[in-house]
Structures are given as structure tokens and as C-alpha cells.
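Heads up: the structure comes next, in C-alpha cells.
The basis for the numbers below is simple: all heavy atoms, side chains too, and nothing from hydrogens, waters or symmetry mates.
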Amino acid sequence: MRPSLLNPMFASVRSLPGIGPRVCGLLVKVLNIDPAKGEPRLVDFLHLLPHSVIDRRNRTDVAHAAAGAIVILELTVDRHQPPPIADKRKVPYRVLAHDDTGNIMLVFFHAQHNWLLNQLPIGEKIIVSGRIEWFNGHASMVHPHHITSLAESKFLPLIEPVYPSTTGLSAKTLSKAMIQALDRIPVLEEWQDKVLLQREQFPAYGEALTAIHMPDTPLVIAAASSARRRLAYDELLANQLSLALVRLKTKRLAGRPLPLLGTYLETLRQTLAFQLTQGQEQVFSEISQDLAAPKRMLRLLQGDVGSGKTVVAILAMVQAAESGGQSALMVPTEVLARQHYATIAPLTEKIGLKTALLTGREKGRERSLILESLNSAKAHIIIGTHALIQEGIDFHNLAFIIIDEQHRFGVHQRLQLTAKGNMPDMLVMTATPIPRTLMLTAFGDMDISRLTQKPARQKPVKTAILSANRMTDLMQHIKHALARDEKLYWICPLVEESQSINLTATIKRFEILARQFGNLVGLVHGKMPARQKDAAIADFKQGKTRLLVATTVVEVGIDVPDASIIIIEHAERFGLAQLHQLRGRVGRGDRPSSCTLLYKEPLSSMAKARLNVIRNTEDGFHIAEEDLRLRGEGDLLGTKQSGIPGFRFADMDAHRDLLEIARQDARLILEQDRDLESPRGKALRLLLYLFRRDDATRLLRAG
């Protein structure tokens with residue numbers, strides 16, 4: 001139960017003056033809240049960080065007001081000039097005013113006459129604030145931000161926070177509501193360590209929020225200010241504490257040992273046509289020890305493109321089979337599921353283990369036979385998509401779960417699969433390298449293995465950046481490559497033409513290339529029926545087509561070792577992680593391989609820097625760190641399902657030092673007070689509620 005002390009913070013924003021149903025709906029957008037979770041709460045509103053401030057400390061007179069400056073003027077109103085009724089929509093309403101140094105015209109569009117007469121009475125002295133414009137020696141101010149009487153001018157905010165907004169939501173409505181919300185913050189027990197507070201000169205939580213929303217200097221909202229750092233640390237500690245609680249609960253859960261017996265594994269190693277890299281051996285050793293231990297495994301395996309995660313996964317599933325346990329490998333797409341099945345099934349069949357495949361495509365008798373093989377333990381390994389978590393899918397003895405491309409799945413999907421097992425161990429894998437700072441904030445509850453070394457058979461890929469203006473040269477290059485019997489991918493970002501985004505669509509590009517190269521050109525995209533997609537990929541593998549035009553459906557799961565060239569159109573529109581993944585489709589065979597990043601001019605300096613990162617390195621972990629540096633953490637993985645938490649106050653670059661402190665603090669707290677029952681522990685429970693992490697004590701994340 002949430003402590004009653006926090007009830008004011010969890011009242012609906014509609015309890016604030018001026019926030020009705022319409023404005024509440026707009027705030028849902030601004031606060032980026034899931035509408036299904038109900039109305040925003042005051043705590044959500046108070047945690048809305050201003051993105052900038054307006055500095056109104058420049059109190060001057062008309063003659064000395066600089067063009068473009070935001071100023072405060074004390075004026076006397078001279079007269080009103082309403083527009084002619086016939087031109088009311090086109091001609092603005094003008095109010096002439098003056099001070100001792102000169103005249104100024106206040107300009108209003110679509111204004112109400114009576115309202116302006118009330119706000120600006122003729123002959124009265126008033127205070128206005130806004131941006132000055134000069135034209136032919138005459139001063140004007142269009143739509144002053146503030147108009148107030150001399151008596152009320154003391155309430156005019158000299159430093160005014162500017163919040164993210166949306167159409168229909170006025171800045172004044174937001175500001176007035178925020179001041180009201182600040183008054184409702186209750187007096188809370190301090191949850192931070194006193195030594196840390198003193199060393200960092202952190203204000204109290206309520207004081208920090210007040211400083212952010214009623215700033216006395218423009219620097220208050222900056223990442224380095226003590227108020228911002230205080231709130232960032234609160235947010236990071238709530239994150240780290242919740243992860244540590246989940247990890248603690250995971251470690252308490254009983255598992256069952258799946259020891260390394262060697263009965264199948266030795267035979268499997270002998271059937272492999274290659275030797276494992278040192279990195280693969282090290283990572284498998286870590287996973288193998290986890291499987292053999294009596295506690296539940298929850299481990300993340302990061303493997304760069306082409307580092308050989310799949311082989312490690314096979315070894316681990318075979319170890320589970322040695323103890324009579326079934327394994328499930330869940331992947332996000334049918335293409336990837338079928339690719340894994342084509343790789344794994346022949347290997348396991350050689351050593352006497354059965355691998356099954358279950359996607360949305362298997363129907364009728366075929367599906368019934370698959371389900372029966374799971375239920376009766378005839379199938380030792382099952383590979384599938386979301387179909388694995390549907391009702392009616394029952395396992396005989398699910399002991400080990402692997403989630404591939406884990407950022408495509410939510411926590412609840414992982415939990416659903418876990419619920420089908422008997423205390424199963426879990427390994428989640430990703431080929432998207434994640435920077436260390438984001439790793440700590442998203443996966444701190446997991447043990448982490450990194451696979452960075454690539455097999456010797458993996459060829460380097462030469463990467464070039466090319467303007468779309470040189471399309472003729474590129475076509476000649478393709479012509480020569482096809483004459484040498486090479487296979488090429490051409491990747492486009494869209495399936496169909498878009499009116500809003502000027503991108504060449506996949507289908508249009510296919511038609512252009514087919515006119516030039518005929519039947520050698522194939523097409524595959526996500527909107528095609530599954531069997532048609534399979535046929536297109538099969539034709540490419542068999543060499544019936546040798547130039548495959550595709551969307552990012554080929555990003556993971558399509559393995560054509562003799563494909564040696566990839567062209568990525570509108571490369572400037574892709575994320576670096578995605579470009580790195582796509583480039584990984586080539587360099588898998590004996591031929592020298594290349595990747596062409598095709599961009600449309602003009603190219604921004606940011607886009608140029610990002611493409612240069614891809615050109616200059618094939619190290620996915622370095623690329624991830626550079627992507628974080630260039631873009632920030634907000635959309636690094638390009639999906640809200642990434643598992644990366646969104647922070648309101650914490651900035652992963654500016655507050656990296658605070659993340660390290662929060663991580664250590666969270667561990668120390670739980671070593672001393674694992675149930676948060678001490679006075680500080682009870683205060684920390686308030687922190688978890690305020691930063692929406694209270695479910696950490698109840699929800700075991702994916703296991």
C-alpha cells in the first residue's frame with residue numbers, strides 16, 4: 001500500500017485549478033504517459049523538467065530596448081486602434097503606449113476588444129514583458145507575454161521556465177498549475193545519506209523541485225546545478241534500488257541444477273566444422289556454471305554482429321537437455337525463427353536431440369503434432385516467436401529459456417514464458433551493443449556476459465559513404481559486381497512512397513533496378529505474405545536472384561554467406577546500431593565484402609559524424625558509445641520496448657558520476673537493510689513510489 005503521506009502527490013492533475021478534461025488530455029501527451037494507465041498524477045506533472053528558461057531581468061525603457069531582446073517596460077497606455085470590422089481577421093489590434101524615452105505599439109492578432117480594454121486601460125500605467133522589434137525606427141511588441149498592473153508586477157516571474165508543450169496547451173496554464181502543484185508537496189523524511197547531501201550540497205527533494213520550477217537564475221535547470229543533480233540522483237537511486245531489489249529476489253528464488261554431464265555436448269563439439277573462439281568458450285563457461293548452480297540464472301549476453309552468440313546458445317540448450325530439461329528460444333520475427341531452426345535443427349539431430357519450430361504459420365495437424373512433442377518431451381528444444389507464450393502451449397519440463405533480440409520483448413512477455421516452466425533459468429541475448437551507462441540503468445538486475453571477439457572466418461567489411469548524386473557510378477559498380485556473380489543487398493527504409501517523408505520506397509527502387517537488371521532482382525519486405533517472403537529469400541540464397549531489394553526485415557536472421565555487397569539507401573535516416581546490424585549481413589563468406597552508405601544531400605554535420613563512425617570502425621561496442629555521445633540516450637535503440645528506462649532529470653552523459661554512486665549506494669543499502677525496514681529504508685520506499693519504481697518489490701523482472 002502506498003503511504004497516505006504521498007496521497008497529495010498522487011492526486012489527479014485535474015485537481016489543479018485550470019486543468020479540466022481537455023487540458024488533462026493534452027498533458028497526457030506532454031508527459032508521455034500511457035493513456036491506458038489513467039490520468040496523470042501531480043507527481044508526474046512535478047517531474048516535468050523545463051527545457052529552457054526566459055530571462056526577464058532586463059528592465060529597461062523603450063529607447064534602450066535592443067531588437068530581439070526580451071524586456072520589461074513600464075508604460076502609459078495612450079489609445080486603442082481596433083481593426084475595421086471588415087478586416088478583423090487580417091488586420092491586428094494595436095495599442096499605442098509610451099514612456100519618458102519613446103513610443104511603442106503593442107500588437108495583437110484575433111484579440112477581444114473588451115478584454116484588451118480591461119487589460120490596458122487608457123491613461124493607466126502598466127507593466128508589459130515581451131520581445132522587442134524595431135522597424136523604421138519604431139518599436140513594437142507582438143503579443144506581450146505578460147501584462148500586469150504596477151501593484152501586481154512583483155509577481156511577474158523574472159526567470160520563467162519553458163516546458164515541453166503541445167498544440168492547445170498554453171504556457172500560462174502550465175505555469176499557473178505548476179505553482180499550485182508545488183504548494184501540495186508534503187514534508188517528507190530525507191532518504192538520502194547525510195554525508196552525500198553535505199558533500200554534493202544537495203537541497204531537499206521539495207526544495208529542488210521548487211528551484212527547478214521557480215528558478216531565480218537561468219542556470220538552475222542546467223545539468224550541473226545542485227537542484228538538478230539532486231533530482232537526477234533521486235531518479236538514478238530509485239532505478240538502481242529497484243534493480244537491486246529484483247536481483248535480490250531473483251537470487252532468493254530456488255532453481256534446479258542442470259549440470260554439465262557431457263553426454264551430448266562432447267558429440268556436438270565434434271560435429272562442429274570449426275573451433276569456438278576464446279570468447280565463446282569463456283562466455284559458455286559462465287553460462288554453464290549458472291545452469292549447474294542450484295539458483296535461478298538471469299544473465300544477459302551481449303554479442304556483437306557476427307560474434308557467434310547462436311553457437312553459445314546451442315551449447316547451453318544441449319547442456320539443459322543432458323539433465324532432461326527442455327529449452328525454449330523465443331525470437332521477435334518469423335524470419336529469424338526459421339533461420340535459427342535451419343541452423344540448429346540439423347546439429348541437434350546429429351546428436352540425437354529433436355528441435356521443433358512454432359510460429360503463427362503452423363496450423364492444424366502440423367501445429368497439433370508440435371504441441372504434442374512439447375507436452376510429451378519428444379522435443380528437447382523449441383524455437384518460436386510470440387506464439388510460444390499463447391495459451392494452450394504446455395511444456396513437459398521447460399528448464400531453460402533464451403530470449404533473442406531481447407529489446408523487442410516487454411517484461412510481461414518474458415514473464416509469460418517463464419510461467420510455462422518449472423523454475424527455468426533465463427538467458428537474454430542481444431546483438432545490439434549497449435553502452436555501459438545504459439547497461440547499468442536497464443540491466444543492473446542481470447549478470448552480464450560480453451562476446452566481442454569475432455571468429456577468424458569473419459571477413460572485414462570495407463565501408464564507403466556515397467552521395468545519391470553519384471547514382472550512375474553506383475549502377476556501374478552493381479553491373480560489374482553482378483557480372484562477377486556476386487550477391488548484393490539493397491536496403492530501403494520504407495515499403496511504399498510516403499507523401500510526408502521524401503524517401504525512395506522499396507517497391508519503387510525494386511522497379512527501377514528490375515528495369516535495369518531484369519530477373520536478377522528480387523524483393524522482400526515485411527508486408528509480404530510469409531510464404532512469398534520465404535520464396536524471395538530462398539531465390540536469393542540459391543542464386544536465382546542476385547540483387548535483393550529489401551527493408552530492414554533482413555536486419556537480423558537472414559544468413560546468406562556468399563552475399564558480399566550491401567547498399568543502404570538514405571543511410572542518414574537509420575540509427576547507428578541498425579546500420580551496424582545491416583552491415584553484418586555481409587562479410588560472412590570468402591569474398592571481400594563492402595557496405596555503401598548512400599545519403600541524400602545536404603547532409604547535416606550530425607548525420608555526417610554518425611556515418612563516419614560506421615565507416616571508421618566495425619566494433620559494435622565502440623559504435624554504441626559513440627551513438628550515445630552523439631544522440632543521447634533517448635532513442636538509442638530506436639524503440640520504446642528497448643528496456644532502457646526514460647529519465648526526466650538524469651542525463652547519462654552529465655550525470656555518469658551519480659550513476660556510479662547510486663549503484664554502490666543501492667547495494668550497500670540492501671546489504672544492511674534488505675527489506676527497507678529501517679528509518680532510512682522506509683523513507684526510500686517513498687522515493688520508489690515518487691519515481692514510479694514501487695513495483696520492484698513485487699515484480700520479478702523476466703524471471
Taking it one step at a time, do Phe691 and His47 satisfy ring-ring contact (aromatic ring centres under 6.0 Å, His included)? CA-CA 9 Å; Phe691 284 89; His47 285 182; 4.5 Å; yes
Kindly indicate, with the supporting measurements, whether the criterion salt bridge (Lys or Arg N to Asp or Glu O under 4.0 Å) is fulfilled by Arg299 and Glu286. CA-CA 9 Å; Arg299 182 173 287 276; Glu286 293 167 1; 3.6 Å; yes
Walk me through it: do Gln672 and Arg680 pass the test side chain to side chain contact (heavy atoms under 4.5 Å, CB included)? CA-CA 11 Å; Gln672 298 172 349; Arg680 187 187 178 195; over 6 Å; no
Evaluation steps, side chain to side chain contact (heavy atoms under 4.5 Å, CB included), between Val162 and His51: CA-CA 6 Å; Val162 181; His51 60 70; 3.5 Å; yes
Begin with the C-alpha distance, continue with both residues' side-chain angles, and end with the deciding distance and a verdict on salt bridge (Lys or Arg N to Asp or Glu O under 4.0 Å) for Arg199 and Asp193. CA-CA 10 Å; Arg199 188 184 76 214; Asp193 178 66; over 6 Å; no
Under the criterion side chain to side chain contact (heavy atoms under 4.5 Å, CB included), I'd like the reasoning laid out for Phe647 against Leu236: C-alpha separation, chi angles, the key distance, then a yes or no. CA-CA 8 Å; Phe647 292 118; Leu236 290 169; 4.0 Å; yes
Salt bridge (Lys or Arg N to Asp or Glu O under 4.0 Å) between Asp404 and Lys309, intermediate numbers included: CA-CA 10 Å; Asp404 198 11; Lys309 294 185 308 302; 5.2 Å; no
Would you check, one step at a time, whether the test side chain to side chain contact (heavy atoms under 4.5 Å, CB included) holds for Leu676 with Ile669? CA-CA 8 Å; Leu676 299 182; Ile669 288 162; 3.8 Å; yes
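With hydrogens and angles ignored, the 3.5 Å screen pairs a side-chain donor or acceptor of Glu235 with a backbone N or O of Phe649. With hydrogens and angles ignored, the 3.5 Å screen pairs a side-chain donor or acceptor of Arg610 with a backbone N or O of Phe574. Between the side chain of Ser15 and the main chain of Ser12, a donor-acceptor pair closer than 3.5 Å is present. Put simply, the side chain of His655 gets close to the backbone of Ala223: a donor and an acceptor are under 3.5 Å apart. Remark: the backbone N or O of Leu169 is not paired with any side-chain donor or acceptor of Thr173 at under 3.5 angstrom. Distance alone, capped at 3.5 Å, is enough to place a donor-acceptor pair between the Arg648 side chain and the Leu31 backbone.
In terms of heavy-atom proximity, Arg256 sits nearest to Ala399 at NH2-CB, 2.8 Å. When all heavy atoms are compared, the tightest approach of Tyr163 to Leu48 is CE2-O, 3.7 Å. Nearest heavy atoms, Asp425 versus Met297: OD1-N, 2.6 Å. Pro8 and Leu42 make their closest contact through O-CD2, 3.5 Å (heavy atoms, listed as atom of the first residue, atom of the second, distance). Of all heavy-atom pairs spanning Leu398 and Leu417, the tightest one is CD2-O, 3.8 Å. Nearest heavy atom pair, residue Thr430 against residue Leu300, reads CG2-CD1, 4.2 Å.
Side-chain contact between Met426 and Arg296 is absent, with no heavy atoms from C-beta onward closer than 4.5 Å. The shortest distance between side-chain heavy atoms of Val23 and Leu174 does not fall below 4.5 Å. The shortest distance between side-chain heavy atoms of Arg450 and Leu301 does not fall below 4.5 Å. Contact of the Leu188 side chain with the Leu690 side chain is registered, since non-hydrogen atoms from C-beta on lie closer than 4.5 Å. In this structure, the side chains of Glu39 and Ile33 stay at 4.5 Å or more apart for every pair of heavy atoms. Counting heavy atoms from C-beta outward, Asp234 and Trp191 have side chains that approach closer than 4.5 Å. For the pair Gln192 and Asp665, the minimum side-chain heavy-atom distance is below 4.5 Å. Between Asp44 and Val13, the closest side-chain pair of non-hydrogen atoms is not below 4.5 Å.
With rounding to the nearest 0.5 Å, the separation of CG in Asn239 from CZ in Arg663 is 11.5 Å. In this structure, OG1 in Thr310 is found 9.5 Å from CD1 in Ile402, a value given to the nearest 0.5 Å. Atoms CD and CD, on Gln240 and Gln664 in that order, are 10.5 Å from each other to the nearest 0.5 Å. One finds the CG atom of Leu576 at 5.0 Å from the CD1 atom of Ile614 (value rounded to the nearest 0.5 Å). Between Tyr233 atom OH and Glu200 atom CD the span is 9.0 Å, to the nearest 0.5 Å. Taking CG of Asp447 as the start and CG of Leu298 as the end, the distance is 7.5 Å to the nearest 0.5 Å.
Within a 6.0 Å sphere centred on CE of Met214, heavy atoms belonging to other residues, nucleotides or ligands number 12 at most. Shown here is Glu677, whose CD atom has more than 12 heavy atoms of other residues, nucleotides or ligands within 6.0 Å. More than 12 heavy atoms of other residues, nucleotides or ligands lie within 6.0 Å of CD in Glu190, so this atom counts as buried by the packing criterion. The environment of Lys176 atom NZ is sparse: at most 12 non-hydrogen atoms of other residues, nucleotides or ligands sit within 6.0 angstrom.
A donor atom on one side chain and an acceptor atom on the other are found under 3.5 Å apart for Glu160 and His146.
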